[in-house]
Amino acid sequence: MQELLEFAEGGPLIVVGEYHGNPGELSFYDEVGKLLFSLRFTDWYSKELDSYWFPDIEPRLTGQGEIADAFEAFFHFQRVESDKIDQLLPSSILIAIGEKDIDFIGSGKSLFKLNLKGFKKY
């Protein structure tokens with residue numbers, strides 16, 4: 001773990017785990033290596049988009065519950081209430097967190113989604 005923390009350069013760390021050769025778990029660690037929470041998931045990607053360049057703007061979060069709270073605490077992204085999403089700039093990146101999925105939305109289109117299979121807070 002210490003070698004991995006060196007890559008984080010004193011900041012938090014996300015480790016991607018695999019399931020049958022595909023990404024299937026994300027583990028979120030603080031700067032001293034303490035595991036904060038983990039997600040198990042399957043992924044989905046939009047077939048409409050060949051590629052997407054993320055603009056140099058900070059994503060916003062929307063959603064309620066324990067997973068949304070964990071993401072907000074880890075990333076420190078600004079949270080947007082669901083009734084205010086339509087007020088975001090058209091080029092905005094939005095991470096919409098639900099009970100069963102996390103949808104990454106760019107310019108109003110779903111880019112990819114994590115279908116949640118499990119969440120554990122430590």
Side-chain angles (χ1 to χ4, degrees):
M1 176 56 82
Q2 192 60 37
E3 290 177 25
L4 288 175
L5 287 172
E6 289 175 19
F7 286 111
E9 298 177 355
L13 177 71
I14 303 171
V15 176
V16 179
E18 69 175 78
Y19 182 73
H20 295 291
N22 296 310
E25 183 173 16
L26 294 174
S27 299
F28 296 79
Y29 296 86
D30 69 9
E31 53 279 336
V32 295
K34 178 184 175 198
L35 180 58
L36 303 173
F37 64 98
S38 63
L39 298 169
R40 287 186 307 115
F41 64 90
T42 58
D43 54 3
W44 170 90
Y45 296 91
S46 173
K47 292 184 176 26
E48 295 177 22
L49 303 172
D50 290 330
S51 65
Y52 182 83
W53 293 98
F54 287 92
D56 193 19
I57 57 173
E58 184 176 292
R60 305 286 190 234
L61 287 174
T62 189
Q64 299 296 319
E66 196 171 25
I67 298 171
D69 292 344
F71 261 67
E72 182 179 29
F74 188 82
F75 290 107
H76 306 289
F77 294 150
Q78 183 179 355
R79 204 166 191 161
V80 176
E81 297 301 322
S82 59
D83 62 340
K84 302 229 189 300
I85 291 172
D86 60 348
Q87 296 174 11
L88 294 173
L89 295 173
S91 62
S92 294
I93 301 296
L94 182 66
I95 303 171
I97 301 175
E99 290 182 29
K100 298 188 183 252
D101 59 27
I102 300 173
D103 196 3
F104 294 80
I105 302 166
S107 300
K109 296 181 181 180
S110 183
L111 304 171
F112 64 96
K113 190 179 290 192
L114 303 179
N115 298 308
L116 300 176
K117 303 296 181 189
F119 171 77
K120 189 169 184 180
K121 191 172 178 181
Y122 299 91

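What you are looking at is a predicted structure, and each value in this text was computed from that prediction instead of being measured.
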Can you find a pair of side-chain heavy atoms, one from P12 and one from F75, that are under 4.5 Å apart? no

Could you go through the side chain to side chain contact (heavy atoms under 4.5 Å, CB included) check for I95 and F104 one step at a time? CA-CA 5 Å; I95 303 171; F104 294 80; 3.8 Å; yes

To the nearest 0.5 Å, what is the distance between CD1 on I67 and CD on E99? 8.0 Å

Write down the atom of L35, the atom of S27, and the distance for their closest heavy-atom approach. CD1-CB, 3.8 Å

Provide the closest heavy-atom pair for S38 versus Y122 in the form atom of the first, atom of the second, distance. OG-OH, 3.3 Å

Flag if over 12 foreign heavy atoms under 6.0 Å of CD, E31: yes

Could you point out which residue of I105, D43, D101, I102 forms a side chain to side chain contact (heavy atoms under 4.5 Å, CB included) with K113? D101

Are V16 and L116 connected in a single hydrophobic cluster, I mean Ile/Leu/Val/Met/Phe/Trp/Tyr linked by side-chain heavy atoms less than 4.5 Å apart? yes

Tell me if the CD atom of E9 is crowded by more than 12 foreign heavy atoms within 6.0 Å. no

Establish, yes or no, whether a centroid distance under 6.0 Å links the rings of F71 and F28. yes

pair R60-E58: side-chain heavy atoms closer than 4.5 Å: yes

So D69 and R79, side chain to side chain contact (heavy atoms under 4.5 Å, CB included) or not? Walk me through it. CA-CA 10 Å; D69 292 344; R79 204 166 191 161; 2.9 Å; yes

L39 and I14: same hydrophobic cluster, using ILVMFWY side-chain contacts below 4.5 Å? yes

S92 versus L88, closest heavy-atom pair with distance: OG-CB, 3.6 Å

Is the shortest side-chain heavy-atom distance between L114 and L26 below 4.5 Å? yes

Distance check, rounded to the nearest 0.5 Å: D103 atom CG versus T62 atom OG1? 11.0 Å

Check whether Y19 and F112 end up in the same hydrophobic cluster, where Ile, Leu, Val, Met, Phe, Trp and Tyr are linked by side-chain heavy atoms less than 4.5 Å apart. no

Cluster check W44, F119: I/L/V/M/F/W/Y, side chain < 4.5 angstrom: no

Within a strict 4.5 Å, meaning less than it, do heavy atoms of the Q64 and E81 side chains meet? yes

To the nearest 0.5 Å, what is the distance between CD on E25 and NZ on K117? 14.0 Å

